Amino acid sequence: MFEDLSFSLEGGSALVVTGANGIGKSSLLRTLAGLVSLAHGSIRLEGGAPDTPSEEHIHYFGHQDAVKPALSVLENLQFWQSFAAAAHVSGFSGSSVDPMDALNLLGIGHTARLPAAFLSAGQKRRLSLCRLLVTPRPVWLMDEPTSALDRVSETQLLGLMNAHLAAGGLIVTATHSDLALEKTLILHLRAGDAAAPSPEEALQ
Amino acid sequence: MSTWALALFQRDLRLSVRVGGSALVGVLFFLAVVTVIPFGVGPDLNLLSRIGPAILWIGALLATLLGLDRLFQADRDDGTLDLMLMAGRPLELVVLIKCLAHWVATGLPLVVAAPLLAIFLNLEPAAMGAVTLTLLVGTPALTLIGAIGAALTVSLRRGGLLLAVLVVPLAIPVLIFGVSAADAAIHDPVPFLTPFLILCALSLIAAVIGPIASAAALRFESD
Amino acid sequence: MAFWDYANPTRFLKLVQVVLPWLTGLCVLASAAGLYMSFFIAPEDYQQGQTVRIMYIHVPAAWLSMMCYSIMAVSSLGTLVWKHPLADVSAKAAAPIGAAFTFMALVTGSLWGKPMWGTYWVWDARLTSVLVLLIMYLGLMTLWRTMEDPIKAGKAAAVLTLVGALNLPVIKFSVDWWNTLHQPASVMRMDGPTIHPDILWPLLVMAVAFTLLFFVLHLMAMRNEIMRRRVRTLRLRAASAAHPRSAVATAQPAE
């Protein structure tokens, strides 16, 4: 899928992956998440717990919301809080947010007791986003994070992403819209000849 | 470990009993299978009481298999499975707990319904007890073996039939010893305990092999 | 009172509020009278002894199991043909009650069958067709449970109910069409009942009591179903309600 692709990121910075449709942005994120195995090469995360694979330090925020319509909004979130293990690396100071606070933060606190089936697409998306807040993990992989979100929610999302960066976290995101993130690097994927990881070295 | 395991167990149990869940459809299917048999073999009560344990076992096998296709598929369809692979929990244990919750929601009702259905088949009280006991011990094995099929067919749109075809050969030993233990309880000279203990052993073996094989299949599937 | 006047759920609920206490009172009176008559006035059977009293529960329950399905079938026509808004509420509310009466008929029947025939169950036409009726009730209940949207579920269930109504004549005439252990009809016959008035009267009073019980339960269940749908609508509205967004404490202004 990819050839000669390499990049490294430091705590507190974000990488925005851009490129045409079908170029493999989602595949890149899924590879980083450990959901697609690598043919060659390696993914390393420094400072993580030893003996723990890198994907267990990662929150994957993909196209699918992983929201169960039959469960209430709060039940959905509480399940992920207990089920997904928290992970830390040195230099990352993120902490766990209470599920109810997370829902309030994203403006869907009033739906906590309702079945998730009653939520609109944007509300489901925000519920899925709450999942990243209730379990602290240093790396966020976000595939088109702004899809189905209105402008206000998009601003909130940016705030959360910046807060995550400020706490020393990492974000890799594939997006078409311009995200005003602090300390952003751009990885532009192109077809044919080797992809160009433009600012890769500028980081150090 | 206990918190996340309990959370997963509760979630799966809730999902199968709430609106849209399929917990009791299995029992209904079981009832339908048992009702249909006398139309096929005729209403002779002596014959029915002789083949009754076998009918109940086959009914339970079919009801278990048909209920299994959504075991992992529902989680795959909405992206939950990806997150489960990344959750940092041993996948084998996750599968085991999911199977346990699935059995409590769908297998246990079959066991509870068995004595009632045994009345339709004119079974003696001793035979009724024996069949129920063998189902209690044997249906977990069916669920655990079936989970392998469910994991293998997780990405197929119409995996249900294929699942049954894949799993039936693996489930035959359970069927053999389940039925022979139940039969042994009716006909005196044959010992009941031997086939029954083998049935217990099969369930324990399935509790090891099922989760390991299913977890491996799920990992390959995500690639 | 036109049929359509009660298409409005609010008006229907008002009617229920007025009618229900009277129906309940009547039902209690009829049940008390019926039970007294069947236990103390009706004679013992010279062959069966006290066992014959099971009949006063068994026969009305069996009648009701069929009447309930007929009401569901009419309601289903209401859903599909006349599009009456309360029709699917009526059909949905009737199903569990019908299943309960059918179950009662089967249980009392098999308890009666044990001393009479020596077995709890035989696969004869009457018993089997009633068992099929029970399976259909349970299947319909499952169909309603499995579908999230009540309107869609109502239409699907209405189609199934009407197809399943073919079973009703099979049940009714099974004792005449096939040779079975079950005795033939003795009350509802073209040439008048064939049983003694001492037995007939308690039976009829019990039948009236069971019918009243059905209507009491049916109206209550319909009321609950209307309430349940209102709750659902309110919750849907609550989920989409504009919500004052609290300021995001940890967020920093995005440039």
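FYI, side chains are in, hydrogens and waters are out, and symmetry mates aren't considered; it's all heavy atoms of this structure. Residue numbering restarts at 1 for every chain, and letters A, B, ... go by the order of the sequence lines. Quantities reported herein were computed from a predicted structural model and do not represent experimental measurements.
With sequence neighbours excluded, the residues forming a side chain to side chain contact (heavy atoms under 4.5 Å, CB included) with B:Leu162 are B:Thr153, B:Leu156, B:Leu166, listed by chain and number.
Listed for the A:Glu56 side chain is no donor-acceptor partner under 3.5 Å among the backbone atoms of B:Ala87.
B:Asp78 CG to A:Asp65 CG: the interatomic distance, rounded to the nearest 0.5 Å, is 8.5 Å. With values rounded to the nearest 0.5 angstrom, A:Ser82 atom OG is found 11.0 Å from B:Arg11 atom CZ. The distance from the CZ atom of A:Phe79 to the OG1 atom of B:Thr80 is 7.5 Å, given to the nearest 0.5 Å. A:His63 contributes atom NE2, which lies 11.5 Å from atom CG of B:Asp82 (distance to the nearest 0.5 angstrom).
Here the closest non-hydrogen pair linking B:Leu83 and A:Ala66 is CD1-CB, 3.6 Å. Taking every heavy atom of both residues into account, B:Met86 and A:Ile58 meet most closely at CE-O, 3.5 Å. Summarising the geometry of B:Met84 relative to A:Phe83, their closest heavy-atom pair is CG-CE2, 3.7 Å, with the distance given to 0.1 Å.
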- Begin with the C-alpha distance, continue with both residues' side-chain angles, and end with the deciding distance and a verdict on salt bridge (Lys or Arg N to Asp or Glu O under 4.0 Å) for A:Glu75 and B:Arg14. CA-CA 10 Å; A:Glu75 280 170 347; B:Arg14 276 188 189 134; 3.5 Å; yes
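Of residues 31-39 of chain B, no residue lies under 4.5 Å from chain A by any heavy-atom pair. Residues from residues 53-76 of chain B that place a non-hydrogen atom less than 4.5 Å from a non-hydrogen atom of chain A comprise B:Ala74, B:Asp75, B:Arg76, given in numerical order. Below 4.5 Å, heavy atoms of chain B meet heavy atoms from A:Arg131, A:Arg137, all part of residues 130-139 of chain A.
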